[in-house]
Every structure is written in C-alpha cells, then in structure tokens.
2 protein chains.
Amino acid sequence: MSEYTPRSAEEAAFLTAYAPKEYPSIAYTADIVIFTIVNGRLSLLLVKRGGHPYKDCWALPGGFVNFDESSEDAASRELEEETGLGISSSFLEQLKTYSTPNRDPRMRVVSTAYIAFIPYEELGNPEAGDDASDAHYFAIEDLFSDDENIELAFDHETIIRDGLERAQSKLEYTPLATQFLPETFTLSDLRRVYEAVWGTQLHVGNFRRKVLNTPDFVTPLGSKGGSTFGEGRTAELFKAGKTILLHPAILRGENK
Amino acid sequence: MSEYTPRSAEEAAFLTAYAPKEYPSIAYTADIVIFTIVNGRLSLLLVKRGGHPYKDCWALPGGFVNFDESSEDAASRELEEETGLGISSSFLEQLKTYSTPNRDPRMRVVSTAYIAFIPYEELGNPEAGDDASDAHYFAIEDLFSDDENIELAFDHETIIRDGLERAQSKLEYTPLATQFLPETFTLSDLRRVYEAVWGTQLHVGNFRRKVLNTPDFVTPLGSKGGSTFGEGRTAELFKAGKTILLHPAILRGENK
DNA sequence: GTAATAGTGTCTGTGAGACATTATGGC
DNA sequence: GCCATAATGTCTCACAGACACTATTAC
C-alpha cells in the first residue's frame, strides 16, 4: 500500500518482488450495535434477514469489509446501506471480534462488532435496504423476554449481551449518557437514561447531587424547559460538559 | 460447518447448494502481548523478525489464523511455535482488532491482539523459533525510552500501548496482579506488581489495609516466607483468593 | 545495634446511600 | 388545592490518603 516507505533498499526490493503467499481464506465483516432510548426504554436497531441462512431472523446491521477500508468505515457504510441511517465511523466504539470457526454455517467469517449511542430524536426511522426485509428498534427487555420469542441470527445474541454490558459500564465512568440525549436536557432526562440502561430505579436527590458534584459532566444553561421524554414539569436545562472521564464516577453499586 | 442444524428444509437445501460468493481477500492474524515482571519491572515478550518487511525489528509473537481455529487458539499456537512457550488460550484476553488497510506493506492484514499475564518464574526463557531470529523480554520503560531506540514492527507500538492501558486498568478492579506472582507471595510482592504496572510508588501501610479490606482478594496461609522478588525480610505468605472482581477496588487515583 | 521493611493505629476529608423537607408547576 | 416531581439539606457509614508509631529480621 502506497503510504509505506521502505526501511532499506533491500526491503524495497523485497516488497516489489513480493507475491502474496497462500493464507487461509477467511471472510471479514463488521457488525454494529446501535443503542438508543425509545419511550424511556433502552433499544437497539435490528434488521430482518431477507435471505438464507437465518432467513426472517433479526440480525445486527453489518456486512463485508472492503479491501481498502477499515472495519470502522465498513460498519458505518453498511449501516447506511441497510438502514439509510448515517453515523460517522468516529462515533463507533469497537466492542469485540468474534472468530469462532462455525459462527456462520456458510463459510468461515470473522466479525468485528461496534457499538454506537444515539439520541432517538436525531436518528429518524430506519428503512430496510440491501438484503434486509425490515428494520426497526427493539427494546432490550422485549428482545430477551420469553413472551416475545424474537429469533436472532448467528451469534448476535452474544454480541448484543456483550454490547449491553459495555454500555452499562461505560455509563459509570464516562459522560456516555449525554450521547443518548439531544443537546439540551434536564437532570431527569439524564437520570432516565441511566435507569433505562441499567434497568434500575435511581434515587432522584442523590442522583442530582452526584451529577452536579462531578466536574464538567454537565453545564447549566440558566434557563428552564420541559423534559425531552415529555414527563414531569419544567426543570433546569443543561448541556453536556467537556469532560471525557467522570471524576468521581457515577457508580451503580447495588445503589439507588 | 458440521455443528449447525438447519432451521428448515429450505435452509438445508440452500446450504447444500451454497457456493461461496466473492468477498475481499483479507488475511487474518492474531498477535499476543505477554506481560510479566522481570526484576521488579513490567516487561513483555518480543521476537526479532528474521525476514522482510521490518527485518530485524522487534514484533509481538503472532501469525495467521488457520481455517478451523479461533483467533484465541491461533494466538496460543503461534506463541508456542515462535518462542516455545505454552500458554493455554483460556488465559488470553482479547484486547482489540487492528484493521487499518495499510498496516502491513505486503498485503491487507487484519489482526486481533490478545494479552496474557504470567509469572516470570513459571515461564522460563523463550527460544527463537519460526521466522524469529531472537526472542526475549523487554522492560516497558526501556522499550519506550529514547536512549534504547528499539524499533518495533508494523503498528505494534500502538498495540503495546493499548495493552498496557488495559493491564493498568484491570489491575484496579480485578485480582489480575496475582497472575504475575507464583502461587504463594507476600503483600510486598503484590505491592511491587502494582508499582511495576502503574509505574508509581505506593504507600506500604495503606496498600496493605486496602488489600486486606477487599474480601477474597488474598487468603493468608498462616506461615511466613521470603519475598519472591528476593527483597526485604520474611513476611506473611498469602495465596490468591477466589474473587473475580475487587470490591472495593484498588484504585490509582493520583494516590500513593 | 542499625537500618530497612513488615505491620498497626489514628485522623481527616470525600462521597455514597438513606431519608426528610421545601419549592414549583401542571392539572 | 392537589399531587407529582424538582431541588435542597442532613445524617451515617465506608474508604482513601496522610502520617505516626511499633515489631521484626537481615546485616
């Protein structure tokens, strides 16, 4: 690839003469877990598979990584192709790579999964695109409830559970929660994000104190407005602060 | 692959008839960062490259993932082949996957990196094997010091820095530190592990109190013995406890 | 004996969690 | 006016960090 400057004449000669050796033929894909909050519930985007295998099962958006793109870029591109949603690759966080030999019954496929966190209001509704017969958001609790019996393709249930865990723990020590909200929000909105992701009820007063005691987590705007989630009465508005790490963290130790 | 039971007759027919489609030809490798403590300093294992590109540079042990093995298994196997060291794949923790298109000047290579933590005493010395002209441990501080000027191959410096960060933060909330030590150790030994990995000096008394206040982190053996690192006088011996998560955690907040 | 390290005790500040109370605004 | 929620205050406990002090053992 062009950017590389050989370290010696000998190495340059080696590279010019280089003929690719045989290596195992492994397909490489990227999948993406998009979390958002719909009606106060943590949800994620799935697409319905239009073809075999796992036809009509629900799957994470994703697909092959092209020869000249990173897996981040591939995740972002595939998302656009399959759902019409645009998320820059810089908002994606790498979750984990799944490489069990038989995770796809067709052939050997290794997949790197990414996660993203988006305010529902900004995202709009997905439209089913390439290879997908449908696309919409599922609340996590419905997804894993026995009543609903939603069938997931491949090992995507594992990926989703790993992603959920990552999201839950990132909420503790990063300002991730603000990414689920529009630019301005109330502390109740913020609290509802924590409650949705952790699946717990938090104590209103203590939560407020903790958030305000964490420097640069949120910045008060000095004005009042209604909650984004449309509940409660008007309250003080905030925007996201400039910190990247929460000190002290907002911990979920059995707490309330 | 054989384990999969088709979900319908139609799907079975599809799979039987399936002819692999074209997909980008991407090579897949696994690399491994092995941390250990040598003479009280955090060190890692590197092998000297025997061939181009990056001939004579130092690189992480690693290599191609075979068609029928996971990347964990590949990491473990390659380690054995290149250095003669045996580490079960279950002791490996996945770090991250590196997929920038031009990270290898020969061809498109995606690599999943793993980390492992091993007591130096149990590991023995590595021997250069396949493709490697030398193999030994480097102290992290030497590796990144300007004096030494050690040349690292590919993007392995990035991988090592990511791995170091992971190790440092895992030390806080998991009993990882005990993995660097033999079965029995003193609290000084344990403290020296933290000091080596974090690159800081810790307060002896406070450290002791914190460790003993964390349930099931270490179990006293009721006997005394010398330090593994050969320093200090005899002290109470401990072995690793049975907890997987430290509560409370051993934090490194500017602390001492 | 001396010096270094092992090990114990105490004080202070911070933050979490529980709980009580007041303020505000929609209905 | 009623009620849910916003917002503030107070108490207790747990733990981090600082520091002082005693005990043990290698030399």
*Please report, rounded to the nearest Å, how far the C1' atom of D:dA18 is from the CZ atom of B:R208.*
18 Å

*A:I250 CD1 - C:dA16 P separation (whole Å)*: 7 Å

*What is the distance, rounded to the nearest whole Å, between atom CG of A:L190 and atom P of D:dA6?*
12 Å

*Any donor-acceptor N/O pair, B:W198 side chain to B:Q168 backbone, under 3.5 Å*: yes

*Hey, which of A:K96, A:R161, A:R103 is the one that makes salt bridge (charged side-chain N to carboxylate O under 4.0 Å, His left out) with A:D155?*
A:R103

_Length of the CZ-P vector between A:F238 and D:dA6, whole Å_ = 12 Å

*Give the ring-plane orientation class for A:F217 versus A:Y194, where under 30° counts as parallel, over 60° as perpendicular and anything between as tilted.*
perpendicular

*Aromatic rings A:F117 and A:F35: how do their planes relate, parallel, tilted or perpendicular, breaks at 30° and 60°?*
parallel

_Under 4.0 Å protein heavy-atom contact, by nucleotide of nucleotides 19-25 of chain C - B base, S sugar-phosphate only_ = B---BBS

*Between D:dA4 atom P and A:Q201 atom CD, what is the distance in whole Å?*
15 Å

_Tell me the interatomic distance from B:K210, atom NZ, to D:dA14, atom P, rounded to whole angstroms._
18 Å

_Between C1' of C:dG15 and CZ of A:F207, the distance in whole Å_ = 15 Å

_Please tell me whether A:Y120 and A:F180 form a close aromatic pair, meaning their ring centres lie under 6.0 Å apart._
no

*Euclidean distance, atom NE2 of residue B:H247 to atom P of D:dC13 [Å, nearest integer]*: 22 Å

*asked:* With side-chain contact (heavy atoms from CB on, under 4.5 Å) as the criterion, how do A:I115 and A:I34 come out once you've worked through the C-alpha distance, each side chain's angles and the decisive distance to 0.1 Å?
replied: CA-CA 6 Å; A:I115 45 183; A:I34 301 182; over 6 Å; no

